**Q** 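Quick one: structure below, then a few questions.
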There are 2 protein chains.
Amino acid sequence: MVESSRIAARGGLRADARRNRERVLVAARAVFAEHGIDAPMATVARRAGVGVATLYRHFPTRDALVQGAFAQQMETCVRALAEALAAPDPWQGFQRLVETVCALQREERGFPAAFVAAFPESTSEHARSRQRAERDFTTLVRRAQASGALRADFHPSDLAMVLLAHCALVTALPGDGAASRRLVAYLLQSFRADAANEPLPPPSALTLRSLPIAADDSRRQRVPRA
Amino acid sequence: MVESSRIAARGGLRADARRNRERVLVAARAVFAEHGIDAPMATVARRAGVGVATLYRHFPTRDALVQGAFAQQMETCVRALAEALAAPDPWQGFQRLVETVCALQREERGFPAAFVAAFPESTSEHARSRQRAERDFTTLVRRAQASGALRADFHPSDLAMVLLAHCALVTALPGDGAASRRLVAYLLQSFRADAANEPLPPPSALTLRSLPIAADDSRRQRVPRA
DNA sequence: CTCCAAACGGACGATCGCGTCCACTTGAGA
DNA sequence: TCTCAAGTGGACGCGATCGTCCGTTTGGAG
């Protein structure tokens, strides 16, 4: 009884199973960072030192694996949003939020694609947390606009736009933080109210939910010109 | 003699070969637009009503096909640059250039990826025209900065940054011109000198040449949650 | 220590895209 | 019309990835 509850408490998995699961997650992060989230499952398995079957038992689909691998980063994003909302100056909060998320995308290679790709899918749990994130972000935007720092015509959907564009930059240019940082800086400046000298085209219907499987980064190889 | 020169004048191809070549190009544009530039060669062949062998004879590699399919758009880009240089107001020229190229990426789906992907490769001819494009663009930037409209810390490499980011947006959101237009508007505003209220991080080493195989858009499919 | 269900690993059949090869067709010069 | 090189099409062999199946191993309860 004591023993069995100890197992249940640790996820109902046998000790070796738990260990393997963890190994797989570590390997997945490494492989995804190196080869993109479309890397062969077998590669992840080999790197983890387990058989494919083991991998598939723990994560039946590639998406499950991706989700597992980057759960921590997602968590960080959620936390960043909470912090942004709690910040005394809403513009500061907004700016920090964008910078934090983009920095995360920059640092954890493979994550950006995962981040963008993760949204469309809907576990009821995920759907709810996503909805909450959107609502919170909208609140943040409104506050920042009310404070006069964020331009009035900024639309919450612009966040998805930024993240998508930024994701591509990071994915396409592994290791080039410079471009990423610069893009973010440009955009943040144009989001300030005092830069709003000209009207914008209408916002897109883009939402964090419901959207785009984005730029994956399968490193395409040039065919050597014969 | 008259006959043979007629053939030579039309590319040295037999009438049916020429016809097929054209069909392939049309099919390629359609297929690339629909499935991304990584679509199976066989799909293009089928759509063109041709055998694979025929396709491969005309275009030995996928890159050759991509290049052929979007040659016209590339041409348009080059022309746009020339026009921008010729414009009386360099800022106007700059702005129109960015808008034109982005519009092109928006309209001809599949082209953005082709555009970005096309640069790294170097036929001597291509290399030269690329170099020229970069030199011309740099000139344009300098003039626009001298006129006082373009912020002084804008760096020519920022163009590549914009195109890359924009490419991802267009590719990921087929049919959503809104996001694309909005991103371009935001960025153009932040490029204006009068928006340069805060310093930027240093520019990346990013060049049009020598760079990134970008976001392809192989439509990844959600695995239906069982 | 014994036992068995949980966990494991890797072989395997299936699918897919690539690019070549070769036997057949056809355009066009004579 | 005749002829043949140019052009064509599709079958084929190769290699990669997927996801499953099944015989073997092992954790841990009794």
Side-chain angles (χ1 to χ4, degrees), chain A residues 1-24 27-28 31-32 35-66 216 218-226, chain B residues 1-24 27-28 31-32 35-66 216 218-226:
Chain A
M1 190 58 98
V2 169
E3 294 303 313
S4 66
S5 73
R6 198 174 99 203
I7 290 184
R10 298 200 181 179
L13 291 176
R14 231 166 63 177
D16 55 343
R18 229 179 309 122
R19 199 181 329 122
N20 278 335
R21 193 189 140 91
E22 210 43 52
R23 278 183 175 202
V24 166
V31 170
F32 287 160
H35 303 288
I37 57 175
D38 288 330
M41 298 291 260
T43 305
V44 175
R46 204 174 330 115
R47 178 107 171 207
V50 300
V52 264
T54 301
L55 194 165
Y56 277 109
R57 181 160 331 94
H58 289 300
F59 305 97
T61 68
R62 159 175 263 103
D63 289 282
L65 179 58
V66 168
D216 81 30
S218 54
R219 311 256 172 279
R220 295 184 51 242
Q221 319 179 4
R222 292 291 91 196
V223 180
R225 308 252 132 238
Chain B
M1 191 56 99
V2 169
E3 293 304 312
S4 66
S5 72
R6 200 174 96 201
I7 290 184
R10 299 199 182 180
L13 291 176
R14 234 165 60 176
D16 55 342
R18 229 178 310 122
R19 200 180 328 123
N20 279 335
R21 193 189 141 91
E22 209 45 51
R23 279 182 174 203
V24 166
V31 170
F32 287 159
H35 304 288
I37 58 175
D38 287 330
M41 298 292 261
T43 305
V44 175
R46 203 173 330 113
R47 177 107 173 205
V50 191
V52 262
T54 301
L55 194 165
Y56 277 109
R57 179 159 334 91
H58 288 301
F59 306 97
T61 68
R62 157 176 263 101
D63 289 282
L65 179 57
V66 168
D216 81 31
S218 53
R219 310 260 171 275
R220 294 185 49 244
Q221 318 179 6
R222 293 288 94 197
V223 181
R225 310 251 132 240

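Residue numbers start from 1 in every chain, and the chains themselves are labelled A, B, ... in the order their sequence lines are given, proteins ahead of strands. On a predicted model such as this, the values are computed, not experimentally measured, just so you know.
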**Q** Measure CZ/B:Arg18 against P/C:dG27 and give the value in whole Å, please.
**A** 12 Å

**Q** Does B:Arg23 use its side chain to pair, donor to acceptor, with the backbone of B:Val50 at less than 3.5 Å?
**A** no

**Q** Mind calculating the distance between CZ (A:Phe59) and P (C:dA7) to the nearest angstrom?
**A** 14 Å

**Q** Would you say A:Val24 and A:Leu65 make side-chain contact, with heavy atoms under 4.5 Å?
**A** yes

**Q** Quick one, A:Val44 and A:Met41 - any side-chain contact, counting heavy atoms below 4.5 Å?
**A** no

**Q** Looking at A:Arg57, I'd like to know whether one of its side-chain N or O atoms comes within less than 4.0 Å of OP1 or OP2 on C:dC8.
**A** yes

**Q** A side-chain contact here means heavy atoms from C-beta on lying under 4.5 Å apart; do A:Tyr56 and A:Thr61 qualify?
**A** no

**Q** To the nearest Å, how far apart are A:Asp38 CG and D:dC18 C1'?
**A** 13 Å

**Q** State which residues pass salt bridge (Lys or Arg N to Asp or Glu O under 4.0 Å) with B:Arg21; sequence neighbours excluded, sorted by chain then number.
**A** none

**Q** Which of residues 41-56 of chain B sit near DNA chain D, with a heavy atom under 4.0 Å from it?
**A** B:Gly49, B:Val50, B:Gly51, B:Val52, B:Ala53, B:Thr54

**Q** Does a side-chain N or O of A:Arg62 approach OP1 or OP2 of D:dC18 to a distance below 4.0 Å, or not?
**A** yes

**Q** Sub-3.5 Å donor-acceptor pair from the side chain of A:Arg47 to the main-chain atoms of A:Ala28, do we have one?
**A** no

**Q** Is the distance from OP1 or OP2 of C:dC8 to the nearest side-chain N or O of A:His58 less than 4.0 Å?
**A** yes

**Q** Rounded to whole angstrom units, what separation is found between the CG atom of A:Asp63 and the C1' atom of D:dC18?
**A** 14 Å

**Q** Quick check on DNA chain C: between A:Asn20 and B:Asp16, whose nearest nucleotide comes earlier from the 5' end?
**A** A:Asn20

**Q** Is there a donor and acceptor pair, one atom on the side chain of B:Arg14 and one on the base of D:dA6, closer than 3.5 Å?
**A** yes

